[in-house]
Amino acid sequence: MGIDPWGGRFDDRRPIGEIRAQAGQIVYRLEDGTELPIPDQVGQEEFDLRQWKSEQGKGQLAGPQVRAAGRIVLQRRTGKLIFVNLRDWTGEIQLFIGKKQVGDADFELAKLFDLGDLIGVDGMLAYTNTGELTIFAEKLHFHAKSLQPPPEKHHGLHDAELRQRLRYLDLFYTEGVLERFQKRTKIVQSIRRTLDGQGYCEVEGPTLHAIAGGAAARPFITHHNALDLDLFMRIALELHLKRLLVGGMERVYELGRVYRNEGISPRHNPEFTMLEVYQAYGDYQTMMDLTERILVDAIEAIGGNYRIPWGESTIDFTPPFARRTYDELLAEHADVDPEDDVAVAKVAAALGMDTAGKHPDVVKNFVFEEQVEDKLIGPIFVIDYPASICPLTRRKQDNPAIAERFELFIEGMEIANAYTELNDPDLQAELFRTQLAGLPEEESMAKMDHDFIRALQHGMPPAGGLGIGIDRLVMLLTGARTIREVILFPLLRPESTGRAPASDSGGSAASEEPTSPP
RNA sequence: GAGGGCGUAGCUCAGUCGGUAGAGCAACGGACUUUUAAUCCGUAGGUCCUGGGUUCGAGUCCCAGCGCUCUCACCA
């Protein structure tokens, strides 16, 4: 037919949502030229547009000329007449394609349309006899052929694996998916706006680290060939941002991906997005106020409803959020005196922990995680943590056993973690050195980093620091029950396992890194 | 890593007691100029996840593996 199936420039088309908003311009034009407005009830089931027209007298509907483009999601063919439902990311609209109206050539083209094809149309916006807002096609354009069949038109994609592997289909065909990711974008934009508005400076730190510090997690290991150096993918943003505090960036943040080589679960993906914020001359109270501000602004950005549905229940984000101390909550939910190490150890043992040789604070924190965290429906700030599980945190001046730290919990999930940052290089070095009793290295946040200590020795201003798990925040704000619903491409095992590919190239690892001659 | 569930057509799913593999949608051919998951007639489409076992006979029962998923553990 001489039609290029792969289209071309068409960027003067209008979004379907905008076109639908032009419905008010449609009028009924009588033969004598008088124009009557269309009744508001048009499109409602009880309203018969055909009957209304005959009551007004002979005439025709007339509406604005429009140009649209999108994907074909439904088709109904009735001989010399084809109805097409066209969708773009702003909405969906019906096309009326009549053989007489578009001509033989375009009608032949329309007969070749498949579900999933991307097409464009020029035509007049009006209503069909049944009151459906419709573009009456005058000229058709072809933009891209879909060679693969789309998902089942009524049920869509149900299979959870396919939804993630074929995320592009999930985005287009599963209701609410595109909207949720658009909300994610709005939330992230709002966070940047909040911070930028308060004078914070956004930076990009390195993602390849010689020492994976700043958190407790197993890192991914990679290798730099030219330097013949093993490197770690970062597990946190913390230590480099603090170096920037030393350098005089007094308000600084990074919103970036971190990588942790650990399990995958409804709340964990190996790569996820963290926000970390540092403010010179602030402390953890400053960060608590900032956290609340960030959340409130983000909620405003996605519609401003403070009560967000979560499964059967509702999360109430109305500020201010509750603030309770760690010990208070431990006493309340675990029914134990937090000052009494022996009693706490007893509870831990009853919960199945081997307490022998473990630091009392580690034992206490085990009880907290087991007995308290699940009950923190929140939003609630848990403040003042046992010092020895917080090696990067400043101690309270009047009580060195307590660290100036808070975590924000919502629905039992840890959403934010903040400290008054430790800026004493000697104490920091000591805490790095002192391995917590009974904790294997990978479970401790303490990792010796001489370069970081040297930075502290040059003087880091006292500061508040804050980390927020963006994916989990988006889960809560969009009602997503798994982290995979808020990550566009969550980690999946590659599809081609088991059979085919291994055999044809022998050692596949070797073939990826061709050995160059010496 | 442990336990449960699932794996059948491109998609969504049935498949009885172990007895020749099914439907809807999508595709293909035909009818239809106001349809709404259009309708009607017809055609084609299968490594029943893989491998073994029991049996005269396995989609179905048993074992192992692979993949997905849920719960738990580690972790944020």
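In what follows, chains carry the letters A, B, and so on, assigned in the order in which the sequence lines appear, proteins first and then strands, with residues in each chain numbered from 1.
Shown here are the side-chain hydrogen bond (donor to acceptor under 3.5 Å, both in side chains) partners of A:Thr90, two or more places apart in sequence or in another chain: A:Asp88. Residues passing the side-chain hydrogen bond (donor to acceptor under 3.5 Å, both in side chains) test with A:Glu271, sequence neighbours excluded: A:Arg257. Annotation: side-chain hydrogen bond (donor to acceptor under 3.5 Å, both in side chains) contacts of A:Arg76 (sequence neighbours excluded): A:Asn85, A:Gln94. A:Asp361 is linked by a salt bridge (Lys or Arg N to Asp or Glu O under 4.0 Å) to nothing, counting only residues two or more places apart in sequence or in another chain. Not counting sequence neighbours, the partners of A:Asp297 by the salt bridge (Lys or Arg N to Asp or Glu O under 4.0 Å) test are A:Arg293. With sequence neighbours left out, the salt bridge (Lys or Arg N to Asp or Glu O under 4.0 Å) criterion links A:Asp48 to no other residue.
At B:A38, one or more side-chain N or O atoms of A:Lys153 fall inside 4.0 Å of OP1 or OP2 (strictly under the cut-off). Between A:His158 and B:C13 there is a side-chain polar atom (N or O) within less than 4.0 angstrom of OP1 or OP2.
Judged by distance alone, with hydrogens and angles left aside, A:Glu161 brings no side-chain donor or acceptor close enough to the base of B:U69 to form a pair under 3.5 Å.
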Donor-acceptor pairs are to be reported for all side-chain atoms of residues 373-387 of chain A against protein atoms at under 3.5 Å, with residues two or more places apart or in another chain.
residue  : atom : partner  : partner atom : Å
A:Lys375 : NZ   : A:Gln371 : O            : 2.8
A:Asp384 : OD1  : A:Tyr284 : OH           : 2.6
A:Tyr385 : OH   : A:Glu407 : OE1          : 3.1

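The side chain of A:Gln101 lies closest to B:U33, out of B:U71, B:U33, B:U35.
At most 12 heavy atoms of other shown residues, nucleotides or ligands fall within 6.0 angstrom of atom CZ in A:Arg29. No more than 12 heavy-atom neighbours from other residues, nucleotides or ligands sit within 6.0 angstrom of CD on A:Gln60.
For the C1' atoms, the distance from B:G42 to B:U60 is 33 Å, rounded to whole Å. On the P atoms, B:U20 is 12 Å away from B:A58, given to the nearest whole Å. Across B:U8 and B:G59, the matching C1' atoms stand 7 Å from one another, rounded to whole Å. Nucleotides B:G53 and B:U43, compared at atom P, are 40 Å apart to the nearest Å. Comparing B:U39 with B:U34, their C1' atoms sit 14 Å apart, to the nearest whole Å. Comparing the same atom, P, in B:A44 and in B:G22 gives a spacing of 13 Å after rounding to whole Å. Taking atom P in both B:G57 and B:G52, one finds a spacing of 15 Å when rounded to whole Å. For B:G65 and B:C70, the P atoms lie 22 Å apart once the distance is rounded to whole Å.
Within a heavy-atom distance below 4.0 Å of RNA chain B, the residues of residues 71-80 of chain A found are A:Leu74, A:Gln75, A:Arg76, A:Arg77, A:Thr78, A:Gly79, A:Lys80.
If you find the closest nucleotide of RNA chain B to A:Ser265 and to A:Gly156, the one lying nearer the 5' end belongs to A:Gly156.
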A correct 5'-to-3' footprint of nucleotides 3-10 of chain B, with B, S and - meaning base, sugar-phosphate only and no protein heavy atom under 4.0 Å, is -------S

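Whole-Å rounding puts the A:Tyr173 OH to B:A26 C1' distance at 11 Å. Here the P atom of nucleotide B:C28 and the CG atom of A:Leu115 are 10 Å apart, to the nearest Å.
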